[in-house]
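Each ligand, and each atom within it, is numbered from 1 in the order the structure gives.
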Amino acid sequence: MTTAPPRADAALAETGQGARRKPHAVVIGSGFGGLAAAIRLGYRGYRVTVLEKLDKPGGRAYVHEIDGFRFDAGPTIITAPFLLDELWEMCGRRFADDIELVPMDPFYRIRFDSGEVFDTNGDAAAMRAQVARFSPSDVDGYDRFIEASREIFGVGFQQLGHVPFTHWQDMAKIVPDMVRLGSYRSVYSMVSKYVKDDRLRVALSFHPLLIGGNPFTVTSIYTLISYLERHWGVHSAMGGTGAIVSGMVGLIEGQGSEVRCNAEVAEITVADGKATGVRLAGGETLPADIVVSNADLAWTYRNLLPGVQRKHWTDRKLDKAQYSNGLFVWYFGTKRRYDDVKHHTILLGPRYRGLLDDIFKRKHLADDFSLYLHRPTATDPSLAPDGCDTFYALAPVPHLDADVDWAERAEPYRRAISDYLAATVLPGLEDQLACSRVTTPKDFEQRLLSFKGAAFSLEPVLMQSAWFRPHNKSEEVEHLYMVGAGTHPGAGVPGVISTARVLDRVVPDASVFA
Ligand SMILES: Cc1cc2nc3c(=O)[nH]c(=O)nc-3n(C[C@H](O)[C@H](O)[C@H](O)COP(=O)(O)OP(=O)(O)OC[C@H]3O[C@@H](n4cnc5c(N)ncnc54)[C@H](O)[C@@H]3O)c2cc1C
């Protein structure tokens with residue numbers, strides 16, 4: 001057990017400054033979950049210090065800037081924007097005054113390996129027409145699928161997305177609904193119940209991959225994403241997702257709180273079973289009344305609580321858990337624009353189930369891949385120099401349990417992706433490259449301290465969801481709370497902002513510590 005540093009309130013009383021007498025919350029990590037938590041805690045009367053290991057905030061939403069090209073490293077698809085509105089409102093501001101969100105149409109262009117194209121958007125008639133183009137007999141089934149997705153959305157997102165599943169009774173209460181909605185089925189199985197065409201089954205079931213789940217194994221609760229997209233649309237931010245991160249940092253600073261970068265937390269200090277603050281890698285200690293970890297869930301429990309005998313999230317249990325896939329991401333700028341390419345394109349390779357088995361079950365890096373291609377300059381040309389385009393191509397790959405030497409494999413893998421893109425939607429690509437950078441699961445492990453290099457923390461399978469997922473109020477240490485992809489409700493920007501929303505129900509009011 002670590003020696004307790006001085007209590008935050010005692011230390012602050014000495015300063016005699018009004019703002020500094022507020023109870024102190026430390027947030028470890030500045031991902032969307034950590035930033036949202038800081039804003040909510042600031043609103044509830046805490047003085048917050050966000051500590052970020054990297055040189056800039058955002059976590060997976062970091063921004064790479066190379067030779068005049070700006071790359072959002074991670075999230076690009078913004079859904080459920082009301083969650084952002086709410087954070088701005090807590091600070092007496094309007095999100096729309098600071099950030100321009102642009103609705104996407106299509107949401108995504110899905111390109112099958114055959115060259116056929118399926119465009120998705122939020123318009124029911126247009127979607128029916130797309131479905132009919134592929135398989136007229138599936139139109140009725142498609143309508144029924146959207147209706148089922150709407151019902152699951154009502155329960156899974158609207159009723160349960162912000163509930164802290166702290167007690168098993170919370171889980172018991174929802175079992176009847178889960179059975180009624182067929183949550184024991186996988187996403188793919190649920191979609192297949194309604195549509196028969198293989199291409200449509202893929203187009204309607206790939207969404208869990210956006211949050212690190214295998215459509216063949218994650219619970220059909222995640223079909224709610226189809227309705228969520230239809231309900232609130234799919235958006236992109238002018239200036240990129242990084243503009244939202246900067247906006248959130250501005251809100252935190254406006255509350256009198258602070259975001260400190262280049263500040264890696266080495267330990268959460270604990271006394272008498274309660275978190276008392278943190279110790280940074282450089283040795284500095286910061287006392288706090290509460291600590292919120294937005295660092296990787298498994299990393300937090302395995303590495304940041306060295307003196308604590310963990311009863312629940314033991315190393316053994318964390319080792320045995322199922323983790324999401326890894327990602328290979330290639331960021332590149334081009335000397336020309338490719339105006340035919342939409343903002344979001346999904347390029348499906350020749351295999352679906354087989355590829356997912358390789359990634360999630362066999363942990364084997366296959367020669368083929370499916371890609372998500374991001375071209376933000378389709379919406380905001382200012383993200384690249386004049387006449388140029390900014391792109392990233394993302395391929396789901398196995399996490400680091402796979403026997404892959406990424407130092408050796410990264411360049412051939414990138415080249416294979418480049419050749420595929422050149423042969424499909426980006427002719428002459430290699431000759432047009434202006435800059436290039438790759439990220440592999442090894443980078444997720446080393447830069448973001450993600451266990452096994454998983455891109456989305458724990459996989460959202462049924463037995464790792466809701467009460468079964470690590471709780472937002474730590475099961476191990478008092479005054480320690482968890483937000484981010486590895487906690488309830490889970491990964492994705494709406495998911496991690498919702499993890500911070502759950503804190504309102506489990507963190508005591510600041511007045512308790514005042
Ligand atoms: C390539 C990619 C594309 C994606 N696309 C989308 C999308 O389009 N839409 C969508 O909704 N979701 C998307 N996601 C998922 C989404 O980005 C993530 O689920 C979400 O951003 C994770 O947020 P988080 O709060 O868990 O924190 P993270 O972003 O994981 O940030 C955690 C932060 O903690 C810091 N940290 C870790 N350990 C320490 C420590 N010891 N001390 C100090 N700091 C520490 C890390 O440096 C990091 O900055 C994507 C993810 C990736 C990787």
Q. Are the aromatic ring centres of Phe328 and Trp406 under 6.0 angstrom apart?
A. yes
(Q) Suppose the criterion is side chain to side chain donor-acceptor pair (under 3.5 Å): which pairs have a residue in residues 208-228, not counting sequence neighbours? (A) Thr217-Glu459
Q.
For Tyr352 and Phe216, I'd like to know if the aromatic rings sit close, meaning centre-to-centre distance below 6.0 Å.
A. yes
Q: Would you check if the distance from the ring center of Tyr108 to the ring center of Phe118 is below 6.0 Å?
A: no
Q.
Give the residues near ligand 1 by chain and number, with the criterion being a heavy-atom distance under 4.0 Å.
A. Ile28, Gly29, Ser30, Gly31, Phe32, Gly33, Leu51, Glu52, Lys53, Leu54, Gly58, Gly59, Arg60, Ala73, Gly74, Pro75, Thr76, Ile77, Ala263, Glu264, Val265, Asn294, Ala295, Leu327, Tyr392, Leu394, Phe444, Leu448, Leu449, Phe456, Gly484, Ala485, Ala491, Gly492, Val493, Pro494, Val496
(Q) Can you tell me which residue among Phe456, Trp299, Tyr323 is in a ring-ring contact (aromatic ring centres under 6.0 Å, His included) with Phe451? (A) Tyr323
Q: Give a yes or no on whether the ring-centroid distance for Phe369 and Tyr420 is below 6.0 angstrom.
A: yes
